[in-house]
Each structure stands twice: as structure tokens, then as C-alpha cells.
Amino acid sequence: MVFVALLYPNVLRRLTLGNFARIPVEAAVGILLLIVLPRRPRIALAGVSGAILGWLIIQKSLDMGWFQILARPFDVVLDWELLDDTYGFIREAYGQAGAYAAAGGGLLLAVAVPALMIWAVLRVAAMLNRNRRASALAASGIAATWMLTFTLGVQLLPDIPVAARSSATYAWDRALQARTGIANEAAFAGEVTVDAFRDTPPDRLLTALKGKDVIFTFVESYGRNAVEDPSLAAGTAAVLSDGDAQLKAAGFAARSGWLTSPTFGGNSWLAHSTLLSGLWINNQSRYRNLTASDRLTLTSAFRKASWDTVSVMPGATRAWPEGDFYGYNRVWDSRNLDYQGPKFSWAPMPDQYTLKKFNDLEYAKPGRAPLMVEMPLVSSHTPWAPIPAFIDWDQVGDGSAYHTLPTDGGQKADIWTTPERVRREYGRSIRYTLTTLISWIEKYGDDNLVLVFLGDHQPSSVVTGDNASRDVPITIVAKDPAVLDRIADWQWTEGLKPATDAPVWPMNAFRDRFLTAYGPAGDTR
């Protein structure tokens, strides 16, 4: 048990027999310490060492999950509050019983693993004390062999050295990560106050969009892989190509580029806040500090310039106090959108229902003021099954029609058996949402519509594989040519699909570029 703990990896793909065909240098150091110390210090050291090894196993196991979904390790300082969201996601995606099982299993392991490791190290310490001479020779042999294989760079498997120092290095890295996280939190307090648009008068904000309805739509998990991965691109490209033709026939035009998201595989709200605030929000601490500030967001800039600001949040199932920070006059969510149909995958309602309900409640309302809307669409949220069917807009109603309609694709229990099936259903979900959004623009969009739609982040690595970028597509659609003329110098691709070599900006750069392009400084006439 101690040997396994010393070599236990923090990335799932390394959990192989080959990873344990290695020599942990910590074994030699531990043996020497445990045979030279008197009884009481030896027992104390064994107990502390066992607790540390148990904690490292838990931390590395959390890393495995975080790497699989978010493509980063678990942050020991900042990520604990995300466990609540993890529990909520499991409950929404797999039911209350699955959530209870996951929580119970997690708590059991959190207690059992450190306890077992303390017991194991104490057993080893007692054995070493009974055999001090043999143990000293063993420690010397381990140290010598480790040094030799380290010097020669011996590897039995590619990129896995026989001479391991993983536990000590890992513990040191986590300590540095914690210190860096605390320092970054302090630095962010200064960043949030630096804002070129903070004191801009209302009559100097967004002057080129006066009278327009501006909608920012995040398409859940719509990442670069959906557009360029060979197993996904053909289906997505077909939807975008057909959509270009549909929108062109309806009088619309589009320009597309790339943004680099601060998150990967999940934590969508970090991407939303990054785009809207113009700050790099890549962890929960930054998000919490941002929403406690008076930072000017795109939403509050529009409200300051006399737009009616609305949030449509179909995935929100409880109160969302951050709406006040962003500057929304109204928030529509799953509690007041009156959906009467079945649930699909994680999404409380299909995207087509969300768009139709928004149209009925806000967009088609006669005599209203110009709208600025933020609306995440969530039918493409993991676990990507089942997927609702796209239906005639007049059939949507209160959602009851979905009870009798067939779904597109399989069920969760079926598709999560192989990565190929997961990728297939992910692709279906993206095509559904894009088809729905394009159809809504074509059917309901008027001359004053300006719609910005983008991905919030790439899907998890089960879809993208390892080492995928964090890039997401972004598109601006408008009927008025003057709107797109304002961003001609952005060099974005014409149409709904960004070219591979289209500009790539960090997502936090968008706010200032947008406010500049559509303010007085962006007038190129």
C-alpha cells in the first residue's frame, strides 16, 4: 500500500502497471528516517507520513477528475466550493440517487484512505524496527539504484523514468500552487480597478448600436474541435454552411473568429464573466471577487447607455444574485420560463423552447425599448444525451409536445460506454443548438438584430482528447451592413465558420474591442 501510494499518479491515463515499475526515492529516505529515530518520534513520523500519503492519494484522485473534465489539476485552495457544483451536476444529470452515491463514496474514501495509509505506514515502521540492519541495506540499495537509473535516464516506458520522485515533487508543486493562488487573489484586487471605460459618459457608449437589439448567446461546449476535428467537423460545417445560405437569403451577414476561453470542459460562468467584464476569470476566487466589485461589464455598459438589459438563463434552477452585479433589469430562468415538457440530458428545457419563450416574452413585445440580452443555450451541455428533436416553431407551445416526440440519439447509459459514442452525441447536440439558433434568426430576426454567439469552452477531454486548445468560435450576425463594417479591421472570416487562420484573441480582450468598435472611436467613415 505504501509503495502504491508513493507512485500513485494524478492523471488517469498513467494509472497503468508500467507506472508502478519504478523506484520511488522517497522509499529510501523514509526507511532511513524510520530506523534511526527513537520509538516515539518514529511513531509520530509514521503517523504524519501516512496521513500525508493518504491526502496525496485523495488530491491526485481529484486531479484525475479535474483533468478529465476541466483539463487542469484540482486547486487545493480555490476549488473546494466547486464540489457543490459537482454534486449539483451529478444530481441534475444522473438523478438524486447517483448524487447521494457519489457524495457518500467520496466521504467514505476521504476518511478511509488516510486511515488505511496511517495504519500501513505504522506497520512498515514496526517491521523496519525489527529488522534494522536489513532495512538499512535495503535503503542503501534503493538509493543507489535510484541514483544510477536517474543518471542514465532509464525508461521502461516512454516518458516514464524508472527513477521516480513523484510524491515529493507533487507535494512541492501543490504547495507552490497554493502560494501562487493566494498571491493571484491579492493581485486581482488591483486588476479589477483598471478600466479604460469606467468613466465613459453614457452618450459616448455603444453609439453605433443605437436602436439595435444586441443578443449575446453562449453555446454550451461549442469549442474549436466541433469545427475542426475530423470526426465532428463535417456535420458542424454542413450546419454552418446551410445556415450561411439561409441567413444570406434572409438578408443577414456574419463574421467569425476565435477566442481563447479561460476554462475547459466546464465552469461556464468563468467564460461568461470573462467576456462580459474584460478580465481573465479563470478560477472561482477571481469570479467571487469580480462579482463583489463595481466593474463595468458589457451588460452594465448597455444599461448605462439606456438599453433594457435582460438575462435568459434556462440552466439556472435557483436564485442568481450575480444578476445585480452584471446589471440586468430582468432575469428569466428555469423557475419562471414555465416549461411543461420533459428534461433532456442536463438541460432543464430544450434550446428551441428557450428561444421561442424569449421571443414571446421579450423580443416580439410591441413598443419595447432596445434590448441587450445574455442567453446561454444549454442543450449541448454534457452528458449530451438524450437530445431533443428540432420541431416546427408553432409546435413548441409550453413544451408539452416534447412528451410525445422522439429524441435524437441515445440515452446517457448507452452513450457513455465508449469515447466514440460520446463524441457522436456531442456532435449531435452542437448541431441541434446551431440549427435551432440559425432557424430562430431566420424566422424572427428583424432589421435591428445584432446577435453575437460563441462557445463558452471546449468539451471535456473524452471528446477532444489530450492537449486540445482552449479556443472557441465567435460569430457576429447582423442585417445592417454598417454593424459589420465597424469590425472590418478585426479581419474575421466572412460567414458563420471561422477560418483556421482567423485571428485568435484571449476572451477577456473582447469587451474593450467591442466597446471601441461600436463607440465614437470606432467610426472609420
Side-chain angles (χ1 to χ4, degrees), residues 214-248 252-265 268 271-272 274-276 298 376-377 380 423 426-427 429-442 445 449-459 463-465 467-479 481 483-514 516-518:
V214 185
I215 302 175
F216 291 88
T217 302
F218 290 91
V219 177
E220 173 66 37
S221 301
Y222 179 39
R224 187 162 192 147
N225 278 54
V227 178
E228 295 187 342
D229 186 286
S231 65
L232 301 167
T236 307
V239 171
L240 296 177
S241 177
D242 291 346
D244 273 327
Q246 291 173 241
L247 294 183
K248 186 176 181 180
F252 289 92
R255 298 291 183 273
S256 300
W258 303 103
L259 299 179
T260 301
S261 175
T263 186
F264 186 102
S268 303
H272 302 176
T274 293
L275 185 97
L276 296 175
L298 280 175
L377 297 175
S380 51
R423 280 192 287 272
Y426 163 75
S429 72
I430 291 294
R431 294 195 295 273
Y432 165 77
T433 296
L434 293 177
T435 297
T436 301
L437 183 59
I438 292 166
S439 177
W440 183 88
I441 298 170
E442 179 190 26
L449 177 65
V450 177
L451 190 141
V452 183
F453 74 90
L454 68 153
D456 46 15
H457 53 71
Q458 287 262 50
V463 173
T464 65
N467 304 315
S469 78
R470 293 181 173 232
D471 296 346
V472 297
I474 180 169
T475 298
I476 298 180
V477 180
K479 187 171 281 190
V483 172
L484 298 182
D485 288 345
R486 284 273 178 155
I487 62 169
D489 63 342
W490 289 6
Q491 299 181 328
W492 282 14
T493 306
E494 184 176 349
L496 300 176
K497 179 184 175 184
T500 300
D501 60 352
V504 181
W505 306 339
M507 193 174 282
N508 60 312
F510 180 82
R511 188 206 72 157
D512 286 9
R513 287 179 179 266
F514 187 88
T516 299
Y518 293 107

>> Thr435: which residues meet the side chain to side chain donor-acceptor pair (under 3.5 Å) condition with it, sequence neighbours left out?
In response: none
> Would a distance-only check, ignoring hydrogens and angles, find a side-chain to backbone donor-acceptor pair under 3.5 Å from Trp490 to Ser256?
Replying inline: no
> Can you list the residues that meet the ring-ring contact (aromatic ring centres under 6.0 Å, His included) rule with His272, with sequence neighbours excluded?
Replying inline: Phe218
>> Under the rule for side chain to side chain donor-acceptor pair (under 3.5 Å), what residues qualify as partners of Asp471, not counting sequence neighbours?
In response: Arg224, Thr260
>> Going by the rule ring-ring contact (aromatic ring centres under 6.0 Å, His included), which residues pair with Tyr222 if we only count those two or more places apart in sequence or in a different chain?
In response: none
> Which residues pass the side chain to side chain contact (heavy atoms under 4.5 Å, CB included) test with Ala254, sequence neighbours left out?
Replying inline: Thr475, Val477, Leu496
> Among all residues two or more places apart in sequence or in another chain, which pass the ring-ring contact (aromatic ring centres under 6.0 Å, His included) test with Phe252?
Replying inline: none
> Which pairs with one or both residues in residues 492-514 pass salt bridge (Lys or Arg N to Asp or Glu O under 4.0 Å), sequence neighbours excluded?
Replying inline: Asp195-Arg511
> In chain order, what residues pass the side chain to side chain contact (heavy atoms under 4.5 Å, CB included) check against Ala253, with sequence neighbours excluded?
Replying inline: Arg255, Leu484
> What residues, two or more places apart in sequence or in another chain, satisfy side chain to side chain donor-acceptor pair (under 3.5 Å) together with Ser268?
Replying inline: Glu220, Asp456, His457
>> Suppose the criterion is side-chain hydrogen bond (donor to acceptor under 3.5 Å, both in side chains): which pairs have a residue in residues 232-244, not counting sequence neighbours?
In response: none
>> Could you work out, with salt bridge (charged side-chain N to carboxylate O under 4.0 Å, His left out) as the rule, every residue matching Arg423, not counting sequence neighbours?
In response: Glu420
>> I'd like to check the side chain to side chain contact (heavy atoms under 4.5 Å, CB included) partners of Glu442; sequence neighbours left out, ordered by chain and number.
In response: Gln246, Leu247, Ala250
